[in-house]
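Computed from a predicted model, the values in this text were never measured in an experiment. Throughout, numbering of the chain's residues begins at 1 and tracks the sequence.
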Amino acid sequence: MMRKTFQFLFKVSCVLFLLSGSLLVIGQMVGLLLLNGDLIIFSADTFGKPTFILSTFAGLFGFALNYIPNTVPVDNSEPITQQMENSQSTPT
């Protein structure tokens, strides 16, 4: 449950980070092409901080996902000795 929540938050923060970063760069490119310094400064002021904050959250969520165990259901239908024999007899 906790892993799914962190995966969701990671995905959302990544999408928002990439969107705001794209808007930042596109705004600056348009300002550069139009030779409009005010547009370049406006783009940096408007999208700069949110982009850096969202990238920080994306990095933290991604880092935390490495330490949250991925639970896998265990199949206890066959005895452990049979499981060991089956794993040793698989051809390579």
Between [X] and [Y], is there shared hydrophobic-cluster membership here, with clusters defined by ILVMFWY side-chain heavy atoms closer than 4.5 Å?
X     : Y     : answer
Leu65 : Leu60 : no
Phe57 : Met2  : yes
Leu18 : Ile26 : no
Leu32 : Leu39 : no

I'd like to know if the side chain of [X] reaches the main chain of [Y], judged simply by a donor and an acceptor atom lying under 3.5 Å from each other, with no hydrogens or angles considered.
X     : Y     : result
Ser43 : Leu24 : yes
Ser13 : Phe10 : yes
Arg3  : Asn70 : no

Roughly how far, to the nearest 0.5 Å, is the [atom2] atom of [Y] from the [atom1] atom of [X]?
X     : Y     : atom1 : atom2 : value
Phe52 : Ser20 : CZ    : OG    : 9.5 Å
Asn36 : Gln28 : CG    : CD    : 12.5 Å
Phe47 : Leu54 : CZ    : CG    : 12.0 Å
Leu35 : Ile40 : CG    : CD1   : 8.0 Å
Ile53 : Lys49 : CD1   : NZ    : 7.0 Å
Leu19 : Cys14 : CG    : SG    : 12.5 Å

Could you tell me which non-hydrogen atom of Ala64 sits nearest to which non-hydrogen atom of Phe6, and how far apart they are?
-> CB-CE2, 3.6 Å

Taking all heavy atoms of Phe17 and all of Thr51, pick out the closest pair and write down the distance.
-> CD1-O, 3.6 Å

Residue that, paired with Val12, satisfies side chain to side chain contact (heavy atoms under 4.5 Å, CB included) out of Val15, Leu9, Leu16 = Leu16

